[in-house]
Structures are given as C-alpha cells and as structure tokens.
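Values below: all heavy atoms of this structure, side chains included; hydrogens, waters and symmetry mates excluded. Per chain, numbering begins at 1; letters A, B, ... match sequence-line order.
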Protein chains: 2
Amino acid sequence: MRNPDPLQKIPLFTLLSERDRRKIASEVTEAHYGKGEYIFREGDPADYFHIVKEGTVKCVKSSSDGKECTLKVLMPGDLFCCEAAVFDGAPHPGSAQPMGDVSILRLRKKSYFEVLRRNPDAALEVIKYLGQRLNEAQENAKVLALDRAEQRLASLLVNLASRSGVREAGGIRLTVHLTRQDLADMAGITVETTIRIMGRFKRARVVSGTAKRIVILDLARLKHLASTTSTPCSKRSPAA
Amino acid sequence: MRNPDPLQKIPLFTLLSERDRRKIASEVTEAHYGKGEYIFREGDPADYFHIVKEGTVKCVKSSSDGKECTLKVLMPGDLFCCEAAVFDGAPHPGSAQPMGDVSILRLRKKSYFEVLRRNPDAALEVIKYLGQRLNEAQENAKVLALDRAEQRLASLLVNLASRSGVREAGGIRLTVHLTRQDLADMAGITVETTIRIMGRFKRARVVSGTAKRIVILDLARLKHLASTTSTPCSKRSPAA
DNA sequence: TCTAAAACATGATCTAGGTCATGTTTTAGA
DNA sequence: TCTAAAACATGACCTAGATCATGTTTTAGA
C-alpha cells in the first residue's frame with residue numbers, strides 16, 4: 001500500500017499547489033540505508049534533495065587531516081543537502097551518514113526548483129527555512145568560537161532536548177541515540193572529555209543514561225551551564 | 001545628483017523586473033554610520049534588509065559572558081541581516097558594527113518579500129544566495145571545531161584574499177582594514193596568539209604588514225598551512 | 001547464552017594557547 | 001607637530017583539554 005501523498009506533512013512541501021505536490025510526489029524515490037553506509041559523500045555531485053523519512057541521519061564534514069565533525073543530526077521530516085543543492089553543479093560540501101537504519105526520500109533538485117518557480121509562497125517558505133538554518137549554523141559557530149567544553153556540551157544537550165526530547169517521568173528523554181563519540185563530534189571536543197563532563201553532569205543529577213537512553217533531568221540547570229563559565233558543574237556539590 | 005537605480009548592480013536585485021526594482025529603489029533609504037556606533041544590536045527588532053553601499057561592516061555575536069566573535073565582514077554590495085530578516089518578528093541574532101565610516105541602504109523587508117513573490121527568478125536567486133551563506137557558515141564551523149590556531153588564521157587569510165584581495169606587485173593586498181584584534185575575533189583566538197602567529201607568517205615571508213596594509217605574499221603556502229597540521233609555520237626556516 | 005566488539009570510564013601525562021604583565025610602535029586628531 | 005590612545009609585540013606563566021594507556025561495562029548477533 002503506497003502513500004498517495006507522502007510529502008503532505010513535510011513543511012517545505014505543504015505550500016505547493018496540490019497538483020504540483022502530486023507531480024513532485026510521483027518523482028520522489030525512496031531508498032534505504034544501514035549503519036556504516038553513506039547516503040552521499042563529500043565531493044559527490046549534488047543533484048538531489050533528500051528528506052529523512054525514518055531514522056536519523058548525520059551531516060559530517062572532515063578536515064584534510066582525517067578528523068571529523070558532525071554539523072547536524074537530522075530527524076524525520078528534515079530536509080537535507082539543501083546547502084549544496086542550491087548550487088548548480090557544485091558538489092556536496094559534506095557527507096551524510098545514517099545512524100542506524102533509515103529511509104530517505106530523494107527528489108531531483110531540478111524538478112523541485114521548477115515547481116518552486118510556480119509556487120512563490122513555497123519559495124518564500126524555503127527562504128525562511130534557509131534563514132533559520134543559517135541562523136543555527138552561526139549560533140553554532142559562536143559556541144565553537146567562544147565557549148569551553150562544558151558549555152558546548154550543555155548547549156548541545158539543550159538543543160537536542162528541544163529537537164528530539166520527549167517529556168517523561170523525571171525528565172526529558174532524547175529519542176535520538178547518541179554515543180559519547182557522537183556528542184563529542186558535535187561539540188568539537190574529544191570522547192574522553194565528553195565522557196568526563198557527562199560524568200560530572202550525571203553526578204550532579206543534570207543528565208542520566210547513555211546512548212540508547214539519554215535523559216535530561218534538569219533542563220534549567222543545563223541552560224544555565226550553557227550560558228556561563230563562572231559556575232562549572234564540577235565545582236558544585238552533587239545536589240544537597 | 002541622485003542615482004536613479006542604486007540597486008541595479010546588487011546581485012540580489014538585478015533579477016527583479018525593472019518596474020519592481022524601481023519601486024523598491026524608491027523605498028530604499030540611506031544611512032551613515034561611524035566607528036563605534038551600531039547599525040543594529042543583537043535583540044533589536046529586524047524589520048529591514050541592509051545593504052552595504054560603502055565601507056565595511058562586521059557581523060558580531062557575543063556570548064553571555066562578554067566575549068565577542070565576528071561572524072563575517074561585509075563589503076560593498078553585500079546584503080546583511082538576511083539571517084534574521086527572514087523570520088517574522090524575530091529579533092536580530094547578532095549585531096552589525098561599521099568598521100570605519102559606512103553608508104548603508106535599508107529596505108523594509110516586507111516590501112522586498114512582496115516583490116519577491118512576484119519575481120520567482122529573483123526568489124530562487126535568494127535561495128541560492130542563502131545556500132551559499134549557509135555553506136560558508138558550516139565550513140567556518142568545521143574550521144572552528146577541528147583546526148588549530150595557525151590553520152584557522154591561515155584559512156581566514158585565504159578567504160579574505162579571495163573576497164577582498166587585489167593583485168599587487170609581490171602579492172595580494174587586502175582592501176579591508178583588519179587589526180590583529182579583528183582577525184582574532186574572526187578566528188576565535190586571542191589577540192596575543194594572533195600576533196604571535198602573524199609574526200611567524202611574517203618571518204616566513206607568507207604575509208606582511210598590519211591593519212591598513214596586509215599583504216599576502218605566498219598564497220599557495222598559506223593554503224597549505226590552512227589544510228595541514230603536520231608542517232606548522234614555526235618549524236620551517238624563514239625561506240632560504 | 002556466549003562472545004567479540006562497541007561503548008563507557010578513569011588515570012597520568014603533555015601542550016597549545018589562554019592569561020597577565022610590560023613594553024614599543026603606529027595612528028589619529030587637537 | 002605633539003600627544004594620547006590604539007595597535008602591535010614579546011616574555012613568563014598556567015590551565016583546559018588533548019593524548020595515551022588501560023581497564024570495565026554494555027550491546028549485538030551468532
């Protein structure tokens with residue numbers, strides 16, 4: 001049984017005319033990937049838009065000397081490769097890797113642009129979306145440029161809580177599964193440092209759990225830790 | 001004597017119909033700022049697009065504990081505040097400061113969006129532009145996350161060379177005037193470190209000069225320094 | 001259920017680059 | 001042209017966090 005309009009719920013497609021959306025939908029193809037594979041690699045030609053249908057995907061960039069950083073973790077509904085897809089002929093500036101089993105919808109970017117030309121409201125929506133992404137990217141750059149490890153990790157967890165957190169007895173659980181290594185790659189620090197800081201957070205009852213089940217116990221405290229260098233977590237006693 | 005169509009040469013406006021461009025032009029107002037002033041501050045309401053007409057402007061973000069980082073230096077023709085301007089009602093996520101005397105054109109964002117709705121090609125152009133900016137921002141984040149001070153500074157200088165460099169006998173001179181502090185704020189390092197590294201670059205005949213006159217003498221070498229951690233500048237002898 | 005491979009954890013160093021202190025040089029404006 | 005304020009420069013020191021080394025615990029799949 002095929003979904004007649006798989007794009008209806010994806011923000012960037014809802015504003016299209018129904019006719020155009022159907023047209024686009026008929027051109028969308030679905031693909032599946034597993035851990036260890038690449039959806040695309042840095043330098044590959046960028047002819048498609050990608051949409052996460054199920055699972056999570058990470059956008060990765062690597063430096064010339066082998067190190068990697070994760071720019072963003074994408075969840076169902078997120079559109080990706082938008083950075084590259086807007087250039088004509090330019091290759092992907094980063095890679096996309098599944099973090100487990102995922103299904104991806106892909107759409108030839110040429111088709112999408114044609115349709116956007118006929119749907120100005122949708123085009124403005126895309127402008128808005130890119131503006132938000134740009135904003136996030138710059139906020140991220142600020143954190144990387146100015147904050148120290150503990151603050152970076154705290155900021156990251158706060159962001160993740162709002163993007164993938166579900167309320168639960170005693171805290172906010174992250175639905176994305178992130179190992180310490182994943183967190184490290186996102187915060188621009190090493191695994192060891194991440195483990196140590198997460199250990200402190202744990203002892204202070206700010207977060208709990210590992211990869212499969214990370215729970216934010218004290219969001220307020222975490223926000224505070226993200227925004228000040230003056231009271232690092234280590235200095236405080238583990239809750240009276 | 002007033003320029004009848006000041007927007008004609010600005011990339012994001014050339015694709016508008018002449019009629020719309022004139023309409024927009026009639027709504028554009030010009031403003032002047034001097035050193036030490038703010039064009040807008042973080043948190044201010046963002047109702048306008050801004051275009052640099054003359055001079056240079058820097059986009060700045062500051063962390064909660066006072067430190068500042070410079071996200072980008074904007075030159076004549078650059079459009080800014082695009083990050084914020086796309087949200088409805090959201091405030092500016094950063095400040096804009098002139099780096100000397102500047103003239104700025106400002107345009108109510110509502111007007112621009114109305115016009116974009118009627119000019120799909122121009123809207124796609126904006127999408128493209130934002131995609132590029134997003135790309136730059138992510139590239140920047142990568143550098144901040146993975147590279148060390150020397151590489152960051154080298155990358156920065158390479159970028160500046162391509163954005164504001166003019167060929168000159170013996171090298172590429174930067175038309176923007178940047179103090180060591182400015183470079184530091186862009187690279188996410190301290191002034192002292194910047195001065196020391198620039199000193200090394202100078203001794204190695206890779207760059208020369210200060211603020212008013214920075215010249216890149218050896219772009220190839222600089223590119224190499226930007227992309228590898230294995231042969232830092234200090235280790236090499238200052239050219240045989 | 002067992003087992004190998006991930007993931008998590010912790011301690012012992014080491015160092016890039018931050019911080020502080022104290023000049024010198026350049027620049028701008030009176 | 002003089003002078004105060006920026007900007008540039010350099011040394012001494014110190015720490016956050018990287019690196020390396022060596023476990024333990026958890027997870028997945030046979």
Side-chain angles (χ1 to χ4, degrees), chain A residues 34-36 63 65-69 99-101 143-154 174 176-203 207-215 225 228-235, chain B residues 34-36 63 65-69 99-101 143-154 176-203 207-214 225 228-235:
Chain A
K35 219 171 180 177
S63 76
D65 38 298
K67 289 183 161 187
E68 281 201 348
C69 79
M99 310 180 70
D101 293 338
V143 169
L144 290 171
L146 302 178
D147 294 346
R148 44 190 61 229
E150 189 172 291
Q151 291 174 278
R152 291 190 202 183
L153 201 51
L174 301 185
V176 266
H177 299 333
L178 298 164
T179 65
R180 303 302 196 225
Q181 181 69 63
D182 290 328
L183 293 172
D185 289 345
M186 282 190 256
I189 51 182
T190 58
V191 218
E192 293 92 333
T193 301
T194 306
I195 288 171
R196 277 184 253 261
I197 295 174
M198 287 298 278
R200 297 210 293 265
F201 285 175
K202 223 165 186 169
R203 259 168 267 130
V207 299
S208 75
T210 58
K212 291 260 143 181
R213 189 181 168 76
I214 295 175
V215 182
L225 284 167
T228 181
T229 193
S230 53
T231 43
C233 189
S234 40
K235 300 286 163 61
Chain B
K35 218 172 181 176
S63 75
D65 37 299
K67 289 182 162 187
E68 281 201 347
C69 78
M99 310 181 69
D101 291 340
V143 169
L144 289 171
L146 302 178
D147 294 347
R148 44 191 60 225
E150 189 173 291
Q151 292 174 276
R152 291 191 201 183
L153 201 50
V176 266
H177 299 333
L178 298 164
T179 66
R180 303 304 197 222
Q181 182 68 63
D182 291 328
L183 293 172
D185 289 345
M186 282 191 255
I189 51 182
T190 59
V191 218
E192 293 92 334
T193 301
T194 306
I195 289 172
R196 277 185 254 261
I197 294 174
M198 287 297 278
R200 297 210 293 264
F201 285 176
K202 224 164 185 171
R203 258 168 270 130
V207 300
S208 74
T210 57
K212 291 261 143 182
R213 189 183 170 74
I214 295 175
L225 285 167
T228 181
T229 193
S230 53
T231 43
C233 189
S234 40
K235 299 285 165 61

Pairing string, 5' to 3', for DNA chain C - Watson-Crick or wobble contacts under 3.5 Å, brackets [ ] where pairs cross, | to another strand: ||||||||||||||||||||||||||||||
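- Among residues two or more places apart in sequence or in another chain, the salt bridge (charged side-chain N to carboxylate O under 4.0 Å, His left out) test is passed with A:R213 by A:E168.
- Residues forming a side-chain contact (heavy atoms from CB on, under 4.5 Å) with A:A145 (at least two apart in sequence, or on another chain): B:C69, B:L144.
- Under the rule for a side-chain contact (heavy atoms from CB on, under 4.5 Å), the partners of B:K202 that lie at least two apart in sequence or sit in another chain are B:R180, B:T210.
- Judged by distance alone, with hydrogens and angles left aside, the side-chain atoms of B:R152 form a donor-acceptor pair with the main-chain N or O of B:G188 at under 3.5 Å.
- The side chain to side chain donor-acceptor pair (under 3.5 Å) search around A:S208 returns none, not counting sequence neighbours.
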Could you go through nucleotides 10-12 of chain D and list every protein N or O atom that sits under 3.5 Å from one of its N or O atoms, giving the distance for each pair?
| residue | atom | partner | partner atom | Å |
| --- | --- | --- | --- | --- |
| D:dG11 | N7 | B:R196 | NH1 | 3.0 |
| D:dG11 | O6 | B:R196 | NH2 | 3.3 |

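- Interface limits on DNA chain C: the 5'-most and 3'-most nucleotides within less than 4.0 Å of chain A heavy atoms are C:dA7 to C:dA12.
- Heavy-atom distances to DNA chain C give each of B:K212 and A:K212 a nearest nucleotide, and the one nearer the 5′ end belongs to A:K212.
- In this structure, B:D101 has no side-chain contact (heavy atoms from CB on, under 4.5 Å) partners at least two apart in sequence or on a different chain.
- Applying the side chain to side chain donor-acceptor pair (under 3.5 Å) rule to B:T179 yields the partners B:D182; only residues at least two apart in sequence or on another chain are considered.
- For B:Q181, the side chain to side chain donor-acceptor pair (under 3.5 Å) test picks out B:D185, with sequence neighbours left out.
- The side-chain contact (heavy atoms from CB on, under 4.5 Å) test applied to B:T193 returns B:A149, B:I189, B:T190, B:I197, not counting sequence neighbours.
- Across all non-hydrogen atoms, the minimal contact from B:L146 to A:K67 is CD1-O, 3.6 Å.
- Where B:A211 and A:V191 meet DNA chain D, the nucleotide closest to each residue was compared, and B:A211 sits on the side nearer the 5' end.
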